[in-house]
Amino acid sequence: MAYPNNPSSPTDVLSALPAKFEEAKKSGQLYFFPSEARDVYSQGRRFNLRLCPALQDKQKAKSDALEAVKAENGGSSSGSPDRKRARTESTAAGDKQNTEEPFKPPYVEELYVGCLEGLEGEEGMSVLYSLLPEHILLCPPSYQPQSLPPTPPQMALAYNILLTALRHPTRSRKLLGFYNGGEGAGASQKWRHLQFVEVPGGRAPVEEWCQSVQFSRPDQAIILPNVPYLHIIHPLPPHASVPYPPTAESNEQLVDILAPAMMKMFDLAFDALRNGGADRDGGWNLLITLDHLHLISRSLPSFPLPSPHQPLELNSLGYAGMMLVKSQEEQDTLIKATEEHGGLMNVLQKCGVPREWGEKAKEVEGIQLGSHEMDLGTLS
């Protein structure tokens, strides 16, 4: 059992990932499902689809994975399905997972990577392994709701993980941070958790969608103009100017940048929903890169596919242009079902809210400020 009582640096945490992943997989505490990611072009835009056949029958896949671990370990394994995830409780009968609070310490030793010291007087954050070699979670050790946004200090820690990954002394890579705000946006747990994945090919498709967007001001949230749903983005300072390793001063400056950026983005999103007559129960998705923050309001949790396929579940990664399918047949069905309706971008449109709601909110904002100019974002 592990407790988050010895904070380390983001560099040390990321350095520990490869060995920790192998340890977790060999112990049986982490079920690794093989998958393959590849680029697909739809209506001229790049998407990245990850095919994971094991998800068609997760229980069987778990059993197969555990048997593979036992065989690799000579017929025995320290792990079991009852102890698989990140949280356990010690009882007279042994260790048993608490399914209601999987991110509450103490943690299963093999899935606990380390912890980071909190900023601005907040508690620290634990780093836990999830499913892939570079899929990690950043969680507070005490309960905070996933339905509310991360705090600016928590966002600063997330940014530091992205920056550290890029400037890592022995293995530079590009990670994407994301947060599923509520069940309607793909949140599988009510306990707050930011997530990070390594980006296939080093660049998420969403970064290409906004690469030509021009910002008239560096401190204002705008609406991405070239997508059919409401996608709010806010620029961040050039990451080359941010110190590495992080310092107390750079962390303070980072929090001061992220706090108003988050507030402006959510204000615009809520104004858009109000102007559109929609409720706020659909949830929202947040993407974090070194260049931008992205906020997407949701109307549906999944995209319907023709029978006999189940609806395609969509979380923040979908709005990064990265989707998960369970079979080649499902992928082919998805592409065929959308090709006459705007391609895969139609999936995001159906599960998001109309961009026009945000444009109306910007128009109202301009009138209130005595200006008829709307900063909606332009393409260069």
Side-chain angles (χ1 to χ4, degrees), residues 43 45 145-150 178-187 206 209-210 213-217 219-235 260-288 292-305 311-321 323 337-338 340-379:
Q43 302 291 319
R45 294 181 188 265
Q146 182 74 7
S147 58
L148 295 179
F178 64 98
Y179 186 94
N180 302 319
E183 294 182 10
V206 70
W209 305 347
C210 63
V213 173
Q214 294 182 328
F215 297 87
S216 61
R217 290 169 49 182
D219 62 346
Q220 190 165 12
I222 67 170
I223 297 169
L224 189 60
N226 56 348
V227 297
Y229 59 92
L230 179 59
H231 186 132
I232 301 169
I233 55 177
H234 194 293
M262 294 277 287
M263 181 179 67
K264 291 172 183 177
M265 294 175 72
F266 278 95
D267 280 349
L268 176 54
F270 290 148
D271 286 346
L273 292 175
R274 183 171 58 251
N275 289 326
D279 60 43
R280 302 179 184 180
D281 296 335
W284 41 270
N285 294 121
L286 184 65
L287 299 171
I288 313 163
H292 305 98
L293 298 179
H294 303 249
L295 180 65
I296 302 96
S297 298
R298 297 291 297 275
S299 60
L300 294 173
S302 59
F303 180 80
L305 292 175
L312 179 74
E313 297 180 357
L314 204 67
N315 65 8
S316 294
L317 290 181
Y319 285 92
M323 299 181 184
T338 59
E340 295 183 359
H341 305 282
L344 293 176
M345 192 62 69
N346 180 247
V347 176
L348 309 184
Q349 181 179 8
K350 291 291 185 183
C351 296
V353 303
R355 188 186 66 221
E356 292 76 14
W357 291 4
E359 293 172 348
K360 178 64 176 178
K362 276 288 190 181
E363 181 181 353
V364 171
E365 177 187 352
I367 294 174
Q368 292 173 343
L369 296 176
S371 170
H372 296 290
E373 296 185 3
M374 296 185 294
D375 191 355
L376 300 178
T378 58
L379 298 176

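No experiment lies behind these values; they were computed from the predicted model shown.
We find the CD1-CD distance between I223 and E356 to be 9.5 Å, quoted to the nearest 0.5 Å. Atom CE of residue M265 and atom NE2 of residue H292 lie 10.5 Å apart, to the nearest 0.5 angstrom. One finds the CG atom of N285 at 8.5 Å from the CG atom of L295 (value rounded to the nearest 0.5 Å).
Across every non-hydrogen atom of S302 and P311, the tightest pair is OG-CB, 3.5 Å. Shortest non-hydrogen contact noted between N180 and S316 is OD1-OG, 2.7 Å. Shown here for P354 and L230, the closest heavy-atom pair between the two residues is O-CB, 3.8 Å. When all heavy atoms of A361 and L268 are compared, the closest pair comes out as CB-CD1, 3.9 Å. The two residues I222 and Q214 come nearest to each other via the heavy atoms CD1-O, 4.3 Å. The heavy-atom pair separating G181 from A185 by the smallest distance is O-CB, 3.7 Å.
Using modelled atom types, one side-chain atom of R298 and one backbone atom of L314 make a donor-acceptor pair closer than 3.5 Å. Side-chain atoms of Y179 come within 3.5 Å of backbone N or O of Q146 as a donor-acceptor pair.
With sequence neighbours left out, P301 forms a side-chain contact (heavy atoms from CB on, under 4.5 Å) with no residue at all. In this view, N315 satisfies the side-chain hydrogen bond (donor to acceptor under 3.5 Å, both in side chains) rule with no residue, not counting sequence neighbours. In terms of the side-chain hydrogen bond (donor to acceptor under 3.5 Å, both in side chains) criterion, N346 has no residue partners (sequence neighbours excluded). Applying the salt bridge (charged side-chain N to carboxylate O under 4.0 Å, His left out) criterion to R355, with sequence neighbours excluded, gives E359. The side-chain contact (heavy atoms from CB on, under 4.5 Å) test applied to P228 returns M345, Q349, not counting sequence neighbours. With sequence neighbours left out, A337 forms a side-chain contact (heavy atoms from CB on, under 4.5 Å) with P306. Listed by chain and number, the residues in a side-chain hydrogen bond (donor to acceptor under 3.5 Å, both in side chains) with H231 are Y229, H294 (sequence neighbours excluded). Looking at residues two or more places apart in sequence or on another chain, you find a ring-ring contact (aromatic ring centres under 6.0 Å, His included) between W209 and F47. Taking D267 as the reference, nothing meets the side-chain hydrogen bond (donor to acceptor under 3.5 Å, both in side chains) condition, with sequence neighbours excluded. Scored by the side-chain contact (heavy atoms from CB on, under 4.5 Å) test, L300 finds C351 as partners (sequence neighbours excluded).
In this structure, M323 and L312 have side chains that are in contact, with non-hydrogen atoms separated by less than 4.5 Å. Taking 4.5 Å as the limit, some side-chain heavy atom of W357 sits within range of a side-chain heavy atom of L273. When side chains are defined from C-beta on, I232 does not count as touching L224, because their heavy atoms never get closer than 4.5 Å. I233 has its side chain within reach of F215: a pair of non-hydrogen atoms, C-beta onward, lies under 4.5 Å apart. A heavy-atom distance below 4.5 Å is found between the side chains of M262 and L286. Residues V364 and R274 fail the side-chain proximity criterion, which asks for heavy atoms closer than 4.5 Å.
Around the CD atom of E183, the shell of radius 6.0 Å holds no more than 12 heavy atoms that belong to other residues, nucleotides or ligands.
Within the structure, salt bridge (Lys or Arg N to Asp or Glu O under 4.0 Å) contacts touching residues 220-234 (residues at least two apart or in different chains) do not occur. For residues 340-353, the set of pairs meeting the salt bridge (Lys or Arg N to Asp or Glu O under 4.0 Å) definition, not counting sequence neighbours, is empty.
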Side chain to side chain contact (heavy atoms under 4.5 Å, CB included) between D271 and E365: does it pass, once the steps are laid out?
CA-CA 9 Å; D271 286 346; E365 177 187 352; over 6 Å; no
